S.K.: 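Below are the C-alpha cells for one structure; questions will follow.
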Amino acid sequence: MRAVRIHEYGAPDTLQVEEVPIPQPGPGQVLIRTEAISVGFAQTQMRRNIFPAPMWRPEFPIVLGGDVIGRVAAVGPDAPGVGVGDRIGAFTLHGAYADYVVVDAATLVSVPEGLDAAVATAIPSPGPIAAGTLATAALRPGESVLVHAAAGGIGHLAVQLAKRAGAGLVIATAGAPGKREFARSIGADVVVDYRQESWAETVRETAGDRGVDVILDSVGGEVLRQGVQLLGPFGRLVFYGSAGGGLDVPRISPMELIGMKFLTGFALSQWRAARHADYLRHHGVLAGALAEGSITHAIHATLPLERVAEAHRMIEERSHIGRIVLLTEATV
Ligand SMILES: NC(=O)c1ccc[n+]([C@@H]2O[C@H](COP(=O)([O-])OP(=O)(O)OC[C@H]3O[C@@H](n4cnc5c(N)ncnc54)[C@H](OP(=O)(O)O)[C@@H]3O)[C@@H](O)[C@H]2O)c1
C-alpha cells in the first residue's frame with residue numbers, strides 16, 4: 001500500500017509517498033481501507049515540529065494522522081461491534097495518510113452510507129470539536145459567540161452549530177475578504193477582519209456593554225490575550241488551537257480573570273475519553289445534519305493522496321475555505 005511518510009521535520013516536500021506493508025490489526029483494533037483523509041492545520045504544525053500538544057510524541061518515519069472515512073477491511077481479536085465492509089470514520093493522531101490504517105475499534109464512528117466521503121470527514125473530529133467547544137462553553141440561547149478563524153475547517157462548523165444552538169449574535173473573524181463573505185453566507189451576523197489592529201475594538205462595539213459571552217479561540221497569541229479582555233462577566237473563552245501563536249502561548253494572569261471570566265482549554269482526545277457519551281451524541285446529531293443538508297461542510301479541494309504536499313501548502317498559505325481532503329484509489 002501507499003503511505004505518506006516524513007523522515008525529518010520540515011517543508012511540505014518532506015512528505016514522501018512510499019510503498020509499505022499493509023498493517024495488521026491487533027487486539028481491539030480494526031484495519032480501515034481509506035477513501036477520504038482530511039488535512040488539518042494541526043498536521044502542518046506536526047510536520048514542522050511546532051505542534052503544541054504534549055500527547056504527540058512520534059518516532060520517524062512518521063505517517064501523519066487525521067480524519068479518515070472508509071470501510072473496515074479486517075477486524076482484530078476482541079474488537080466487538082464492527083464487521084468487515086462497515087462504512088466508518090475515525091480520527092487518529094498517526095497513520096492516516098495511507099491506503100490502509102489501523103485504529104482502535106473503540107474510536108470508530110459510523111458514517112451514513114449515502115454521504116460523500118469528503119463531506120463525511122467532518123464527522124470524526126472537526127464537527128465534534130466545533131460541538132465540543134460550544135458544549136464546554138455551555139452556550140445558552142441568546143448569548144453572543146465570537147468564532148475565530150471562522151472560515152476554517154472547524155470554524156465554519158462552529159459558526160453553524162452556534163446559530164443552531166440559538167446564539168443571539170455570532171461574530172466571525174477571518175483574514176481575507178472571501179473568507180469573511182463565506183462566514184456571512186453560513187450565518188455569521190457580523191464579520192471582522194482580525195488582521196486589522198482595531199479588530200478587538202470592532203468586536204467590543206458590536207457586543208456592547210455586556211461584553212462577549214463565549215469565545216472559541218483556535219488562533220492563540222495576541223488574539224487570545226485580547227479575547228480575555230473582550231469577555232463580559234461570566235464570559236467563557238475556550239482555547240483549542242494555536243494557529244497564530246504556535247508554541248508561543250501568552251501567559252494570562254489570574255488577575256485578568258477576576259471580573260468573573262472563565263478561560264479553559266479543549267482537546268478532542270480528552271473530551272472523547274472523559275465524556276464519551278457526549279462525543280457520540282454530538283457525532284450522531286452532526287452525521288444526521290450533514291446527511292439532511294442542514295449543516296454544510298465546505299470542501300475547498302479534493303486531491304489524490306499523492307498530492308498531499310500541495311494540500312499542506314494551501315493550508316500554510318491560508319488560502320483555503322473549509323476543509324482540504326485527500327482521496328485514495330478506493331474513491332478516485
Ligand atoms: N483541540 C483539539 O482537539 C484540536 C484538534 C484538531 C485541531 N485543532 C486546532 O483547531 C484549529 C483549526 O483547525 P483546522 O484544521 O480547522 O484549521 P483551519 O481553521 O482550516 O486553518 C487554520 C486557520 O487559522 C487561521 N490563522 C490565524 N493565524 C494564522 C497564522 N499565523 N498562520 C496560519 N493560519 C492562521 C487562518 O485563517 P484566516 O486566514 O482566516 O486567519 C487559517 O486558515 C487549529 O488551530 C488546530 O490546531 C484542535
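Note that ligands are numbered from 1 as they come in the structure, with each ligand's atoms numbered from 1 the same way. Remember, it's a predicted structure, so these values are computed and weren't measured experimentally.
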S.K.: Quick one: table the atom pairs, ligand 1 N or O against protein N or O, below 3.5 Å, distance rounded to 0.1 Å.
M.R.:
unit_1: ligand 1; atom_1: 1 (N); unit_2: Tyr240; atom_2: O; d: 2.9
unit_1: ligand 1; atom_1: 1 (N); unit_2: Phe266; atom_2: O; d: 2.8
unit_1: ligand 1; atom_1: 3 (O); unit_2: Leu268; atom_2: N; d: 2.7
unit_1: ligand 1; atom_1: 15 (O); unit_2: Phe41; atom_2: N; d: 2.9
unit_1: ligand 1; atom_1: 15 (O); unit_2: Arg323; atom_2: NH1; d: 2.9
unit_1: ligand 1; atom_1: 16 (O); unit_2: Gly153; atom_2: N; d: 3.3
unit_1: ligand 1; atom_1: 16 (O); unit_2: Ile154; atom_2: N; d: 2.8
unit_1: ligand 1; atom_1: 16 (O); unit_2: Arg323; atom_2: NH2; d: 3.3
unit_1: ligand 1; atom_1: 20 (O); unit_2: Gly153; atom_2: N; d: 2.9
unit_1: ligand 1; atom_1: 20 (O); unit_2: His320; atom_2: NE2; d: 2.7
unit_1: ligand 1; atom_1: 21 (O); unit_2: His320; atom_2: NE2; d: 3.4
unit_1: ligand 1; atom_1: 28 (N); unit_2: Arg318; atom_2: NH2; d: 3.4
unit_1: ligand 1; atom_1: 39 (O); unit_2: Lys179; atom_2: NZ; d: 2.7
unit_1: ligand 1; atom_1: 39 (O); unit_2: Arg318; atom_2: NE; d: 3.3
unit_1: ligand 1; atom_1: 40 (O); unit_2: Gly175; atom_2: N; d: 2.8
unit_1: ligand 1; atom_1: 41 (O); unit_2: Tyr194; atom_2: OH; d: 2.5
unit_1: ligand 1; atom_1: 41 (O); unit_2: Arg318; atom_2: NH2; d: 2.8
unit_1: ligand 1; atom_1: 43 (O); unit_2: Lys179; atom_2: NZ; d: 3.4
unit_1: ligand 1; atom_1: 45 (O); unit_2: Ser218; atom_2: O; d: 3.0

S.K.: Under a 3.5 Å distance rule, please check whether His300 uses its side chain to pair with a backbone N or O of Ile321 as donor and acceptor.
M.R.: yes

S.K.: Which atom pair, heavy atoms only, marks the closest approach of Ala79 to Gln29?
M.R.: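 Of all heavy-atom pairs spanning Ala79 and Gln29, the closest is CB-O, 3.7 Å.
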
S.K.: For residues 280-293, run the donor-acceptor check on the side chains, cut-off 3.5 Å, and write out each pair with its distance to 0.1 Å, sequence neighbours left out.
M.R.:
unit_1: Arg281; atom_1: NH2; unit_2: Asp278; atom_2: OD1; d: 3.3
unit_1: His283; atom_1: NE2; unit_2: Ser110; atom_2: O; d: 3.0
unit_1: Glu292; atom_1: OE2; unit_2: Ser294; atom_2: OG; d: 2.7

S.K.: Go through the structure and list residues passing ring-ring contact (aromatic ring centres under 6.0 Å, His included) with His276, not counting sequence neighbours.
M.R.: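 Counting only residues at least two positions away or on another chain, His276 forms a ring-ring contact (aromatic ring centres under 6.0 Å, His included) with Tyr279.
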
S.K.: In Å, rounded to the nearest 0.5 Å, how long is the span from CD1 of Ile32 to CG of Asp86?
M.R.: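 Separation between the atoms: 10.5 Å.
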
S.K.: Using residues 168-183 as the side-chain source, report each donor-acceptor pair under 3.5 Å to any protein atom, sequence neighbours left out, with the distance given to one decimal.
M.R.:
unit_1: Thr173; atom_1: OG1; unit_2: His148; atom_2: ND1; d: 2.9
unit_1: Thr173; atom_1: OG1; unit_2: Ala149; atom_2: N; d: 3.3
unit_1: Lys179; atom_1: NZ; unit_2: Arg318; atom_2: O; d: 2.7
unit_1: Arg180; atom_1: NH1; unit_2: Ala174; atom_2: O; d: 3.0

